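Below, chains carry the letters A, B, ... as their sequence lines are ordered, and counting in each starts from 1. Not measured: the values here are computed from a predicted model.
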Number of protein chains: 2
Amino acid sequence: MSVTLEQLQAFVAAAEHGSFSAAGRALRKAQSAISTQVANLEDDLGLALFSRTGRNPVLTAAGERLLAEARVVLDRREHLIGVAASFEAHVEHRLVVAIDELYPEQALGTLFAAFAAHFPHVELELLFPMLEDVSRLVLDGKADIGVMWRQEVLPTEIAFHTLGWVPLQLVCGKDHPLARGVVDWEELKRHRQLMVAARSEGPEKQRLRSAAEVWWVESHWIILQMVRQGIGWALVPDHIIRSSPVRDDLVTPPLQFDGADWPVALELVWHKQRPSGPAARWLRERFAALRISGLPR
Amino acid sequence: MSVTLEQLQAFVAAAEHGSFSAAGRALRKAQSAISTQVANLEDDLGLALFSRTGRNPVLTAAGERLLAEARVVLDRREHLIGVAASFEAHVEHRLVVAIDELYPEQALGTLFAAFAAHFPHVELELLFPMLEDVSRLVLDGKADIGVMWRQEVLPTEIAFHTLGWVPLQLVCGKDHPLARGVVDWEELKRHRQLMVAARSEGPEKQRLRSAAEVWWVESHWIILQMVRQGIGWALVPDHIIRSSPVRDDLVTPPLQFDGADWPVALELVWHKQRPSGPAARWLRERFAALRISGLPR
DNA sequence: AGCTTCCATCTGAAAAAAAGATGGATCAAT
DNA sequence: ATTGATCCATCTTTTTTTCAGATGGAAGCT
């Protein structure tokens, strides 16, 4: 087979070290070996990779371009070996993470960048489920790890770890009657409340219910759109209000009574019975470590 | 070097043909060669690629995954050889195409997909210049090919080919005085006209000028936003009006006089002096062939 | 049971790669 | 200008790798 890995390796080393001799030293091979490999490669490709006027070889334009290609080939070979090694180490090949929209996403970018650096061979799938329950996804094996707002008592098969508490804020539209001043409990009850559509039934769902009339909506973001229209009021995490495109049309009136910010727990969940691989364990640890910095409170 | 191209080639062929013997026949090698190569590869990777119970080898889970990786390595090698070949054939390594926003983009996707298939080794850069003139970019060598609305007489260094004619339509906001009925010339002149900011000066610029008061705006899309606000009227290609996000707030009143749609020429331009490579020629031909199907009229 | 086709393994032959030696060229320092 | 170090290309020899052919055991089909 022409254009072999040895040729490419010699070529890349020569380009990197600036001379065939240095490349030979780096690869622990004789200078003549590098010289012939590069010459053969040039012969196979039908062009000159180096200009040999002068003491040291200098990359030609073609050499410059093909150097990048050669690196890719060699890197993909390394990658293949890495994938094989992670197979041996029983690292997961694929990891599905379901994250509730309640989780502030700012930290996710750096977290998953670090994950990619540690586990380059793991395929990662991120779910931001709307109508489906995160714990349901974990329970059914459709997700390996979940980050969710604990609305209900969790099934016993689910292991969990509390990441933190997210305070909810009263929010309504600019022209809503509640926007005028300090709000008390009785006044809240008289207006329509917008709540996230519970994906399962249970008592936790009722804890945050205050008003007589309630509409159920599938997402906090959509709730804010509706709140803006004056359709009702809602309890929404502060960071969602702040990053909403309609935030300028929203008002967060102060509340008259105590314990008024209704904190909800944000939980990291996984399945007790399904064995976790190194990647899942790593990700769980890093999620847990993000607790203080990533979340309010 | 362990994990060689020969090993990967044998592996992929064995997986594709379902047996080592068949792979050997396909690669014109002895069955024993394939067998040894695959065995060595498995040894190097430290895992089994095939399950050998039964008559024919069957891919293991690891084999399945690594097959994809092996294909990538081999493909990248092929790609490198292709890049080298196109260097030899003096194919451009890079092609910059500047396209005026006036050109309807629907056809571009399939066109450039076909380009990628024909010239996989050419780096393509697409420009959709706003304030800069396409012909200027081509003249300065910043773009190899341009598609532009001919506003001016083209410099003699520029070669061109007319792709077609785009009819302009009168457009104004819902509440604009012109929206009420059939419009005549004199009435047009009394209201503010919005025109695309000419990037160079010249007589063609004046041909489309009707009103006494004119505002210059850098893009048709922004013009439509301003038209919607009732700031003035404009002449805009139909396909831009149709695909505008504010199209529901726009009105296109009929005109009383003849020749009322002011067609403008859409030109394919390139530099006469700079030699065109095969990729540029191919792309020019395909652009020209798109004339009938891609444009109105 | 018999036949075919599969795979693994062994052996010797062929090919490829590497090392070592040699000579001509370049560059820097003297 | 000369010297010495270092560079590359090339040749020869040695080592390693690859390949083909032969053989035997196992699987599947009739």
Side-chain angles (χ1 to χ4, degrees), chain A residues 1-60 62-64 66-67 70 73-74 77 81, chain B residues 1-60 62-64 66-67 70 73-74 77 81:
Chain A
M1 185 179 306
S2 67
V3 186
T4 67
L5 291 173
E6 285 77 13
Q7 292 173 352
L8 298 178
Q9 192 183 36
F11 167 43
V12 171
E16 280 174 353
H17 292 91
S19 88
F20 294 180
S21 313
R25 286 191 291 272
L27 297 179
R28 304 181 165 282
K29 292 187 176 175
Q31 168 263 324
S32 60
I34 306 297
S35 180
T36 27
Q37 292 284 24
V38 172
N40 286 341
L41 179 58
E42 288 179 317
D43 206 45
D44 290 336
L45 296 178
L47 44 79
L49 297 169
F50 293 100
S51 152
R52 273 128 170 128
T53 66
R55 187 178 175 67
N56 287 335
V58 178
L59 279 175
T60 61
E64 201 83 51
L66 291 169
L67 174 61
V73 177
L74 295 173
R77 170 179 168 275
I81 295 172
Chain B
M1 185 178 306
S2 66
V3 187
T4 67
L5 291 172
E6 284 78 14
Q7 291 174 353
L8 297 178
Q9 192 183 36
F11 167 43
V12 170
E16 280 174 352
H17 292 90
S19 88
F20 294 180
S21 313
R25 286 191 292 271
L27 296 179
R28 305 179 165 282
K29 292 187 178 175
Q31 166 264 325
S32 61
I34 307 297
S35 180
T36 337
Q37 293 284 23
V38 172
N40 286 341
L41 180 58
E42 288 179 316
D43 205 45
D44 292 335
L45 297 178
L47 45 78
L49 297 169
F50 293 99
S51 151
R52 277 141 170 111
T53 65
R55 186 177 176 70
N56 287 335
V58 177
L59 279 174
T60 62
E64 200 82 52
L66 291 169
L67 174 60
V73 176
L74 295 174
R77 170 179 168 276
I81 294 172

Requested in this report: For the pair B:K29 and B:E6, find out whether any cationic side-chain nitrogen is under 4.0 Å from an anionic carboxylate oxygen.
Outcome: no

Report summary line: Winner on side-chain proximity to A:R52, out of D:dA9, D:dC7, D:dA20, is D:dA9

Query raised in the report: Does A:R28 or A:T53 map to a spot on DNA chain C nearer the 5' end, using the closest nucleotide for each?
Result: A:R28

Requested in this report: Respond yes when some side-chain nitrogen or oxygen of A:S35 is under 4.0 Å from OP1 or OP2 of D:dA9, and no when none is.
Outcome: yes

Requested in this report: Enter the distance from A:L49:CG to A:L41:CG here, rounded to the nearest 0.5 Å.
Outcome: 5.0 Å

Requested in this report: For B:K29 and D:dG21, give me the distance from atom NZ to atom P, rounded to whole Å.
Outcome: 14 Å

Query raised in the report: When you measure from every atom of DNA chain C, which of residues 3-15 of chain A have a heavy atom less than 4.0 Å away?
Result: none

**Report entry** Difference in axis direction between the ends of the helix from C:dA1-D:dT30 to C:dT30-D:dA1, five pairs, 10°
**Finding:** 40°

Requested in this report: Please round to the nearest 0.5 Å and tell me the distance separating atom CG of B:L67 and atom CD of B:E16.
Outcome: 7.0 Å

**Report entry** Side-chain heavy atoms of B:L59 within contact of B:F11, under 4.5 Å
**Finding:** yes

Query raised in the report: Within the structure, does a side-chain N or O atom of B:R55 lie under 4.0 Å from either OP1 or OP2 of C:dC7?
Result: no

Query raised in the report: Taking only side-chain nitrogens and oxygens of A:R25, does any of them come within less than 4.0 Å of OP1 or OP2 of D:dC7?
Result: yes

Report task. Taking the side chain as every heavy atom from C-beta outward, state whether B:F50 and B:T60 have any pair of such atoms under 4.5 Å apart. Result -> no

Requested in this report: Could you please name the option among C:dA19, D:dC19, C:dC7 that lies closest to any side-chain atom of B:S19?
Outcome: C:dC7

Query raised in the report: Are OP1 or OP2 of C:dA18 and a side-chain N or O of A:Q37 less than 4.0 angstrom apart?
Result: yes

Query raised in the report: Rounded to the nearest 0.5 Å, what separation is found between the CE atom of B:M1 and the CG atom of A:L74?
Result: 7.0 Å

Report task. Drop me the distance from A:S2's OG to B:I81's CD1, to the nearest 0.5 angstrom. Result -> 5.5 Å

Query raised in the report: Are A:S21 and D:dC8 close enough that a side-chain N or O sits under 4.0 Å from OP1 or OP2?
Result: yes

Query raised in the report: Does a side-chain heavy-atom distance below 4.5 Å link A:L66 with A:L47?
Result: yes

Report task. Would you mind classifying the nucleic acid contact of B:S32 as base, sugar-phosphate or nothing, using non-hydrogen atoms under 4.0 angstrom? Result -> base

Query raised in the report: CD of B:Q7 to CG of B:D44: how many Å apart, nearest 0.5 Å?
Result: 5.0 Å

Query raised in the report: Has the side chain of B:Q31 got a donor or acceptor atom sitting under 3.5 Å from an opposite partner on the base of D:dA20?
Result: no

